[in-house]
2 protein chains.
Amino acid sequence: MKQESRPQTKKEIRLENERIILEAAEKVFSEAGFGGATMQLIADVAGLPKANLHYYFPTKESLYRKVVHEIFNVWLLAADSFDSASGPAEGIGNYIDAKLEISRTHPAGSRVWATEVMHRAPVIQDYLESTLVEWTDSRIEVLEGWIEAGLMDPIDPRHLLYMIWATTQHYADFGHQIETLNHAKPLSDEQWDAVKKDVKRIILKGIGVSVADIADPRNAQ
Amino acid sequence: MKQESRPQTKKEIRLENERIILEAAEKVFSEAGFGGATMQLIADVAGLPKANLHYYFPTKESLYRKVVHEIFNVWLLAADSFDSASGPAEGIGNYIDAKLEISRTHPAGSRVWATEVMHRAPVIQDYLESTLVEWTDSRIEVLEGWIEAGLMDPIDPRHLLYMIWATTQHYADFGHQIETLNHAKPLSDEQWDAVKKDVKRIILKGIGVSVADIADPRNAQ
DNA sequence: CATTTTCTTGACCGCTTGGTCAAGATGGCT
DNA sequence: AGCCATCTTGACCAAGCGGTCAAGAAAATG
C-alpha cells in the first residue's frame, strides 16, 4: 500500500503516512470490528511497521476514532441534496441517489459506522447527541413543511428517514449478503441503476409523490 | 443470571446451563462483536466460571456458531406470514409486522446476525449460500406470481425484499441511534404500532397495493 | 450402599495483544 | 558542513486471551 519512497518533505511524509494508515485501518476495522482488528494487521495492510502506527496514532482507539469521524463527515455531505431542493420528488430522490452512491463507493466506511452504532456508539455517542440530532431535527422540519404544503402524504418524517437510511445503507452494510444472493457477483453498474430507480420509485410513490415527477428529466442527476 | 440451585436432574442441569450461557453469549456478542467478546465476560454475565463454559461449548467459535444458528431459525419463522397469504397486502403486510416484532423482542440476535454478515459471514457463509438462497428464490417466485396477476407493480422482487429486511432490521440494529433520536427513550408500544403502520403504508402503497386493502380488518393481526 | 458417569472449578499454560523504548536514519535549517 | 527535530524500526514487556487439566462434588445406576 505504501507508494514509492522518493525524498519527501516532513509534511508530505506525515500526510501520506496518516492517509495510508487511515485507509488500511478503515478496511481492517470494517472487516473485523474494533475488537477483532489488530494493530499488527493494520500495519501489514499499510505496509509499515507496527511501531510506526503508534508514532502517528498513540493508541488503537485514537486511530479508530479518527476513522469514524472521517466517515461521519462523508455522511453529512450527502445532506446537501436535501437542502437545495424545491420539493420532495427532487429532494428525497436526490438524497436517495447520493446515499446509494456512498454505499457503492464507500462501503467499508458505512460498515464501520454501523458496527459502532450497533455496539451502542461507545466512541461517538457525543456526535449522535449533538450533530446527528440537530441534522435530523432540521430535515424533519423540511419534511413537515412539504406535508403541510400537500406535497406528500402525512407520515411521520422520522419513519421515512429511517427507511431511507436503512435501505440505502443496507446495500453497503449487507453487501456481502446481496452479493451472495446475486450469484456471488458484485452488482453491476446497470444493477445499481436499477436499484436507485426501484428504491426511489417505491419510497416516493409510497409517500404520495407522483411517479410522473420522478420520471421528469429535470430531476434526474 | 443463574437461578436457584435446587436439586435437578442431569438433563435439566444441561438444558438450563446451555440456555443461560447462550443468552449471556448473545448479549455479549451483540455488544462487542466476536473479536471484542471474551469468554470471561460471557462467563461473568452467565454467572458461571469460565471453565464451565468450555465444558458445554468446547470453543468460543462453537458457542458463537450456536448463537448465530438460533437467530437464523427465528428469522426463517417469520416467513410463514408470507406463505399462507392470499395476496401482497396480506402477505407482505404480515411479513413486515412479524419482522418488526422480532426487531422489538430480539434485537440482540439481529445485531449478532448483522455483525456476522458485515464481516463477510466467516462462520455462516454456508447457510447464506444454501438456506438463504433457497428461501429467497422461493419468495421471489411468489412475488413474481403476484406481479403477473396484476396484484402489485412490476418492481424487482429482490429490491423489495432488501427494503423490507433493511427497514425492519434497522429498528433492531440501529436501535441505539433511534433511541438517541427519540429523546434518549426506547420506543413506546404506541410508537412501535405507528412504525408498523407507516412502514406497511409506505411500502404497500409504493408497490401499488391499495391502502384500502391494508385497512381491511380481515388483514389485521 | 458402592460404583460409575456427569458436572464444577481454581489454577495453570502458551500465545497474542496493545503499547514502549532506545538507537539509528533522514530531512530541515543556518 | 554541522546540529537539531522528526521519523523509523526491531526488540521487548506486562496483561489478557482462549483453552486445558486434574481433583473434587453431585447425581445416576444397580
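Keep in mind that what you see is a predicted model, and the values were worked out from it rather than measured. Every chain is numbered from 1, with letters handed out A, B, ... down the list of sequences.
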Quiz prompt | A:Tyr55 side chain near D:dC7 phosphate (N/O to OP1/OP2, under 4.0 Å) | solution = yes

Practice problem: For B:Leu41 and D:dA15, give me the distance from atom CG to atom P, rounded to whole Å. | Solution: 20 Å

Exercise. Name the closest nucleotide to the B:Pro49 side chain, picking from C:dT9, D:dA28, D:dC7.
Key: C:dT9

Quiz item: Taking the nucleotide of DNA chain D with the closest heavy atom to each, which residue, B:Lys10 or B:Thr38, is nearer the 5' end?
Solution: B:Thr38

Quiz item: Over how many whole Å does the gap from A:Asn52 atom CG to C:dG24 atom C1' extend?
Solution: 14 Å

Self-check item: A:Asp83 and A:Arg139 ion-paired at < 4.0 Å
Solution: yes

Quiz item: Can you tell me how far P of C:dC29 sits from NZ of A:Lys11, to the nearest Å?
Solution: 9 Å

Quiz item: Does the distance from a Lys or Arg side-chain N to an Asp or Glu carboxylate O, for B:Glu61 and B:Arg65, drop under 4.0 Å?
Solution: yes

Quiz item: Got a second to check how far B:Tyr95's OH is from B:Ile203's CD1, nearest 0.5 Å?
Solution: 11.0 Å

Quiz item: Taking the side chain of B:Arg14 as heavy atoms from C-beta outward, which of D:dT9, C:dC7, D:dC17 is closest to it?
Solution: C:dC7

Quiz item: Between D:dC7, C:dT9, D:dG18, which nucleotide has the shortest distance from any of its atoms to the side chain of B:His54?
Solution: D:dG18

Quiz item: In whole angstrom, what separates A:Lys60's NZ from C:dT17's C1'?
Solution: 8 Å

Exercise. Compare every heavy atom of A:Pro88 with every heavy atom of A:Leu204, then report the nearest pair and how far apart it is.
Key: CD2-O, 3.9 Å

Practice problem: In whole angstrom, give the distance that lies between atom CG of B:Asp44 and atom P of D:dC17. | Solution: 10 Å

Quiz prompt | A:Ile13 side-chain proximity, nearest of C:dG10, D:dC7, C:dC7 | solution = D:dC7

Quiz prompt | Sidechain N-carboxylate O distance under 4.0 Å for A:Glu70, A:Lys66 | solution = no

Quiz item: So what does A:Phe57 touch, heavy atoms closer than 4.0 Å: a base, only the sugar-phosphate, or nothing?
Solution: nothing

Quiz item: Out of C:dT8, D:dT20, D:dT8, which nucleotide sits closest to the side chain of A:Asn17?
Solution: D:dT8

Self-check item: Verdict with reasoning, A:Gln125 to B:His176, per side-chain hydrogen bond (donor to acceptor under 3.5 Å, both in side chains)
Solution: CA-CA 10 Å; A:Gln125 178 62 21; B:His176 175 70; 2.5 Å; yes

Exercise. Could you check how far CD1 of A:Ile21 sits from P of D:dT8, rounded to whole Å?
Key: 9 Å

Quiz item: Just checking B:Ala37: base, sugar-phosphate only, or nothing, at a heavy-atom cut-off of under 4.0 Å?
Solution: sugar-phosphate

Quiz item: To the nearest Å, how far apart are B:Glu61 CD and D:dG18 C1'?
Solution: 12 Å

Exercise. Would you kindly give the OH-to-P distance between A:Tyr56 and C:dG18, to the nearest whole Å?
Key: 20 Å

Quiz item: Quick one: which of A:Trp135, A:Phe72, A:Trp75, A:Trp113 gives a ring-ring contact (aromatic ring centres under 6.0 Å, His included) with A:Tyr127?
Solution: A:Phe72

Quiz prompt | Bracket string, DNA chain D, 5' to 3' - pairs by Watson-Crick or G-U geometry under 3.5 Å, | interstrand | solution = ||||||||||||||||||||||||||||||

